[in-house]
Amino acid sequence: MMIVTRFAPSPTGYLHVGGARTALFNWLLARRSGGKFLLRIEDTDLKRNTPTAMRQVLDDLRWLGIDWDEGPEIGGPHGPYLQSQRREIYDRYVRQLITQKKAYYCFDTPEEIDRLRKDAEDRKQVFLYPRPERFPDPSEAEKAAAEGRPVTVRLAVTETEPIVVRDLLRGEVTFNPAEIGDFVILKSDGFPTYHMAVVIDDELMGVTHVIRGQEHLMNTPNHQLLQKALGFRIPEYLHMSVTVSDSGGKLSKRERPEHLRKAILEKKDADRDELAKVGRISRQQLDSFLLKESIPDMPAIDAIAAHLGIHLPEINVVDFLKSGYLPEAMVNFLALLGWNPGDGREVMDRQELIEAFDLSRMNKSNSLFDRQKLMSFNTEHIKRVPPEILVSHFRRFLEVVHSPVAQADDQLAAHLVRINEGARTLAQIEEKCRFAFVPDEAIEYDLQAVKKVLRKEGAIDILKIIAERLKAMSEFTAEGLETMLRQLAEEKQAGLGKVAQPLRVAITGATISPPIFDAVKLLGLDRTLRRIHQTIERFKDE
RNA sequence: GCCCCCAUCGUCUAGCGGCCUAGGACGCCGGGUUCUCAUCCCGGUAACAGGGGUUCGAGUCCCCUUGGGGGUACCA
């Protein structure tokens, strides 16, 4: 039998790494087994959906290299793949259950339900919805709706035998049906609940294996109850461990705003009107955010953080893109969070992951999202990925972060990548090369660099000599430069550093750059000379 | 509160009763290479949560305790 897996995100925001990991494992299983992987959008909660989220989720999956065989934008035999477009299908099954007296209408307001739940809590009992003696018939539902009462449908949970969930990872987990109340399957807005929609779609779409987060383990008995009531098969289930954050607790989208909020509160001198302005939000919105009352959208968060110069922890997939990580590293790292090939290998590309993947090698325990380990994978993959792929990643990165380096064409970008061997992220390559893409007068001299290098005895003199000899060079090549600089160092009876460092600071303003010969060559003779002179003028009297 | 899951170095993990004097990777510490930042090379530090069983033998099986995580919605 062909294995069919799926990833079913709800478009409530950007795809975060936890979701990406879930998608990845489903994808790996499908690819390993020659099965199908499909994508379905669970947008049955109109309050939480955001219009751009689906687009972003699809982009992020594609960036990671996780492709789907059926789903949004490509279609397939089981569409539509947006649950919001499948209302008639769900309605049909809801009606079926009502006709069979397996489900029934309810007309309670949320307030009434809240009261019942509170009462149960006060008595220290589990809340179970009080099933009516007689189920209302459709005419009563119509009447209630006409009167403006909310109409929902609940499944009558009449099961008395223990419900056994067979989990591929955890074995058999037994639940007591007496603790599962009659749960809602159709909401008062006419949309099915998650439980109802997921069970129907997985059946209709032929999903054979459901790999999802441990947070769904407790939902599974409900799903099995529904599958039984509807006469559906029960797919294989595997509930993965959860990825927790290095700041403690489950990895959450809220971490970025939280981090920023703390940073703002710590900076007592920060001008809050100014912050609101750079975030393009009102002062009231900012204050409300600082009081933990609300959370601004992501562009605002990013803008304010950038303004304050603070690095927010990456959570969403797109955050990692913006920090200069490679999708290959992300996929590799995520795959190793809760799985391993068993032969000690760690650095693997997608193909190697697919070939080695095996459900039996998955782990049960939660794992911590360790950014340092991710960084190490990124370093490895920068070295490992084919040059043309790396260049295309680099150019995409430059676009996304709006770098001045984005002016570079493929050939130049390839060169920049080549002269920065050993970089850990694309961001590091960009930082080191940016000096060559900004106007001469725009370079800022790093305070530490000036102090450590330019103000040292003889530094300015060396710059003068370098300028003279550069002008005297017959041919401006990296080799020629190297010969010239090494010779100069020898004359001064010093290491190359004695010569290279002042030059580096003069042309970049900083102590970090690509290798000095490459850096000068990149900038070109004229601009190098101009920057040297500019530097001499500025620091000669200090 | 109730329900469920989990438990080996700081982190990711190998280990599926004797091959374990517990292995690897990341990090960290020390050293080396180097024009800066990195990369790279060498060395070192560091763990079976605790307590009971089972067994000739337990990191590996069972129970309890503790700890961590998840769930407890007309969210998914």
Side-chain angles (χ1 to χ4, degrees), chain A residues 8-12 42-45 47-48 83 106 108-110 113-114 117 121 124-127 150-154 165 167 169-170 173-176 179-181 183-189 191-195 197-198 212-221 239 241-242 244 246 248-250 333 336-340 342-347 360 363-377 379 382-383 420-425 428-429 431-432 449 452-453 482 485-486 489 495-501 503-505 508 510-517 519:
Chain A
S10 58
T12 54
E42 309 221 325
D43 55 350
T44 53
D45 182 3
K47 286 183 293 291
R48 296 207 316 160
Q83 289 187 331
C106 301
D108 315 271
T109 63
I113 296 290
D114 279 350
R117 184 171 289 117
E121 271 169 28
K124 301 201 170 193
Q125 285 175 342
V126 220
F127 169 68
V151 178
T152 60
V153 176
R154 283 176 189 267
V165 172
D167 184 283
L169 235 201
R170 297 163 206 279
V173 185
T174 307
F175 295 89
N176 179 2
E179 288 165 2
I180 302 173
F183 56 93
V184 175
I185 57 173
L186 190 75
K187 300 186 275 188
S188 59
D189 60 10
F191 279 90
T193 57
Y194 161 69
H195 304 299
V198 82
R212 55 184 9 171
Q214 187 202 270
E215 64 268 25
H216 289 293
L217 183 56
M218 301 296 284
N219 295 146
T220 311
H239 292 91
S241 60
V242 171
V244 297
D246 48 10
K250 190 170 123 184
F333 176 65
L336 258 34
L337 240 38
W339 174 84
N340 73 82
D343 56 12
R345 276 184 300 164
E346 293 209 328
V347 179
S360 71
N363 282 115
K364 291 188 272 211
S365 48
N366 291 350
S367 46
L368 190 136
F369 192 88
D370 181 359
R371 286 185 174 72
Q372 287 186 313
K373 182 98 177 180
L374 170 63
M375 177 71 86
S376 129
F377 276 108
T379 311
I382 282 185
K383 282 189 279 223
N420 279 290
E421 225 178 323
R424 310 205 74 184
T425 65
Q428 289 182 354
I429 299 178
E431 280 162 27
K432 284 207 244 179
K452 258 174 65 184
V453 180
E482 179 159 1
L485 291 175
R486 285 197 190 280
L496 186 55
K498 194 82 180 170
V499 175
Q501 278 304 77
L503 179 56
R504 192 187 316 278
V505 178
T508 70
T511 50
I512 60 166
S513 85
I516 191 66
F517 319 115

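All heavy atoms count here, side chains included; hydrogens, waters and symmetry mates do not. Keep in mind the model is a prediction, meaning the values are calculated, not measured. In what follows, chains are A, B, ... by sequence order, proteins preceding strands, each numbered from 1.
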Undergrad: Listed by chain and number, what are the side-chain contact (heavy atoms from CB on, under 4.5 Å) partners of Asn366(A), not counting sequence neighbours?
TA: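 With neighbours one apart ignored, the set is Gln214(A), Ser241(A), Val242(A), Val244(A).
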
Undergrad: Measure CD/Glu482(A) against P/U36(B) and give the value in whole Å, please.
TA: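 Nearest whole value for this atom pair: 13 Å.
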
Undergrad: When the C1' atoms of C48(B) and G43(B) are considered, how many whole Å apart are they?
TA: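 Rounded to whole Å, the distance is 26 Å.
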
Undergrad: Tell me what Gly338(A) touches on the nucleic acid: a base, only sugar-phosphate, or nothing, going by heavy atoms under 4.0 Å.
TA: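 Sugar-phosphate, no base atom in range.
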
Undergrad: Tell me which nucleotide, if any, is Watson-Crick or G-U wobble paired with C26(B) when both distances must be under 3.5 Å.
TA: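 Looking at the geometry, C26(B) pairs with G10(B).
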
Undergrad: Treat primed atoms plus P, OP1 and OP2 as sugar-phosphate and everything else as base, then score nucleotides 41-48 of chain B 5' to 3': B for base contact with protein heavy atoms under 4.0 Å, S for sugar-phosphate contact only, - for none.
TA: --------

Undergrad: Nearest whole angstrom, please: distance from the P of C3(B) to the CZ of Phe183(A).
TA: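 These atoms are roughly 20 Å apart.
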
Undergrad: The criterion is salt bridge (Lys or Arg N to Asp or Glu O under 4.0 Å); which residues satisfy it with Arg424(A), sequence neighbours excluded?
TA: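 Partners of Arg424(A) under the salt bridge (Lys or Arg N to Asp or Glu O under 4.0 Å) test: none.
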
Undergrad: With rounding to the nearest 0.5 angstrom, report the CD1 to CD distance, Ile516(A) to Glu482(A).
TA: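 The CD1 atom of Ile516(A) sits 11.5 Å away from the CD atom of Glu482(A).
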
Undergrad: Is there a side-chain polar atom (N or O) of Asn340(A) under 4.0 Å from OP1 or OP2 of A14(B)?
TA: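 So the side chain of Asn340(A) is within the cut-off, an N or O lying under 4.0 Å from OP1 or OP2 of A14(B).
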
Undergrad: Between Asn420(A) (CG) and C35(B) (P), how many Å, whole number?
TA: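 To the nearest whole Å, that distance equals 17 Å.
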
Undergrad: Looking at residues at least two apart in the chain, or sitting in another chain, which of them share a salt bridge (Lys or Arg N to Asp or Glu O under 4.0 Å) with Arg117(A)?
TA: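 For Arg117(A) the salt bridge (Lys or Arg N to Asp or Glu O under 4.0 Å) partners, ignoring immediate neighbours, are Asp114(A).
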
Undergrad: With rounding to whole Å, what would you report as the distance between C9(B) and U34(B) at their C1' atoms?
TA: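 The answer is 32 Å between these two C1' atoms.
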
Undergrad: Indicate yes or no: at least one non-hydrogen side-chain atom of Asp370(A) is less than 4.5 angstrom from one of Leu337(A).
TA: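 Result no, sub-4.5 Å side-chain heavy-atom pair not found.
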
Undergrad: Quote, to the nearest angstrom, the C1' distance that separates G32(B) from A47(B).
TA: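 G32(B) and A47(B) have their C1' atoms separated by 30 Å.
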
Undergrad: What residues, two or more places apart in sequence or in another chain, satisfy ring pair (Phe, Tyr, Trp, His ring centres under 6.0 Å) together with Phe175(A)?
TA: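 Listed in chain order: nothing, the list is empty.
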
Undergrad: Does Arg170(A) reach a base, just sugar-phosphate, or nothing at all? Heavy atoms under 4.0 Å.
TA: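 Result for Arg170(A) = sugar-phosphate.
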
Undergrad: Rounding to an integer number of Å, can you tell me how far Leu217(A) CG sits from C4(B) C1'?
TA: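 The distance from CG of Leu217(A) to C1' of C4(B) comes to 6 Å, rounded to the nearest Å.
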
Undergrad: Going by salt bridge (Lys or Arg N to Asp or Glu O under 4.0 Å), name the residues that satisfy it together with Lys373(A), two or more places apart in sequence or in a different chain.
TA: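 With neighbours one apart ignored, the set is Glu346(A).
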
Undergrad: Expressed as a whole number of Å, how far does the C1' atom of U55(B) sit from that of U11(B)?
TA: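 My reading of the C1' atoms in U55(B) and U11(B) gives 35 Å.
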
Undergrad: What is the distance, to the nearest angstrom, from the CG atom on Asp343(A) to the P atom on G15(B)?
TA: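 Answer to the nearest Å: 11 Å.
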
Undergrad: With sequence neighbours excluded, what pairs up with Thr109(A) under the side-chain contact (heavy atoms from CB on, under 4.5 Å) test?
TA: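 side-chain contact (heavy atoms from CB on, under 4.5 Å) check on Thr109(A) returns Glu111(A), Glu112(A), Arg149(A), Pro150(A).
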
Undergrad: Look at the rings of Phe333(A) and Phe369(A) and say which category their plane angle falls in: under 30° parallel, 30 to 60° tilted, over 60° perpendicular.
TA: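 Ring orientation of Phe333(A) relative to Phe369(A): perpendicular.
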
Undergrad: For U45(B) and C2(B), measure between their P atoms and round to the nearest Å.
TA: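 Those two atoms are separated by 46 Å.
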
Undergrad: Pick the P atom in G10(B) and in G53(B), then give their distance to the nearest Å.
TA: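 Their P atoms lie roughly 28 Å apart.
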
Undergrad: Tell me, please, which residues at least two apart from Arg48(A) pass side-chain contact (heavy atoms from CB on, under 4.5 Å).
TA: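 With neighbours one apart ignored, the set is Ser10(A), Thr12(A), Asp45(A).
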
Undergrad: Using Watson-Crick or G-U wobble geometry with both distances below 3.5 Å, tell me the partner of C2(B), or none.
TA: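 Partner of C2(B): G71(B).
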
Undergrad: Using 0.5 Å steps for rounding, measure from the OG1 atom of Thr220(A) to the CG atom of Asp167(A).
TA: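 Answer for the OG1-CG pair, Thr220(A) versus Asp167(A), is 7.5 Å.
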
Undergrad: Tell me: NZ of Lys364(A) to C1' of G15(B), nearest whole Å?
TA: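 Nearest whole value for this atom pair: 14 Å.
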
Undergrad: Taking N or O atoms only and anything under 3.5 Å, show me the protein contacts with nucleotides 73-76 of chain B, one pair per line.
TA:
from, atom 1, to, atom 2, distance (Å)
A73(B), OP2, Arg117(A), NE, 3.2
C74(B), O2, Ser188(A), N, 2.7
C74(B), O2, Ser188(A), OG, 2.7
C74(B), N3, Ser188(A), OG, 3.2
C74(B), N4, Asp108(A), O, 2.6
C75(B), OP2, Lys187(A), NZ, 3.0
C75(B), O2', Asp45(A), OD2, 3.0
C75(B), O2', Arg48(A), NE, 3.3
C75(B), O2', Arg48(A), NH2, 3.4
A76(B), OP1, Thr44(A), OG1, 2.8
A76(B), OP1, Lys187(A), NZ, 2.6
A76(B), OP2, Tyr194(A), N, 3.0
A76(B), O3', Glu42(A), OE1, 2.7
A76(B), O2', Ser10(A), OG, 3.3
A76(B), N6, Asn219(A), OD1, 3.2
A76(B), N6, Asn219(A), ND2, 3.3
A76(B), N1, Asn219(A), OD1, 3.4

Undergrad: C37(B) P sits how many Å from Lys432(A) NZ, rounded?
TA: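 Result: 10 Å.
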
Undergrad: List for me each residue that meets side-chain hydrogen bond (donor to acceptor under 3.5 Å, both in side chains) alongside Gln428(A), sequence neighbours excluded, and say none if there are none.
TA: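 With sequence neighbours excluded, Gln428(A) shows a side-chain hydrogen bond (donor to acceptor under 3.5 Å, both in side chains) to no residue whatsoever.
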
Undergrad: Tell me every residue that passes ring pair (Phe, Tyr, Trp, His ring centres under 6.0 Å) with His195(A), counting only those two or more places apart in sequence or in another chain.
TA: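 Partners of His195(A) under the ring pair (Phe, Tyr, Trp, His ring centres under 6.0 Å) test: Phe183(A), His223(A).
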
Undergrad: Hey, what are the protein-to-nucleotides 18-24 of chain B N/O distances that come in under 3.5 Å?
TA:
from, atom 1, to, atom 2, distance (Å)
G24(B), N2, Glu346(A), OE2, 3.1

Undergrad: Expressed as a whole number of angstroms, how long is the span from Met218(A):CE to U72(B):P?
TA: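 My rounded result for the distance is 9 Å.
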
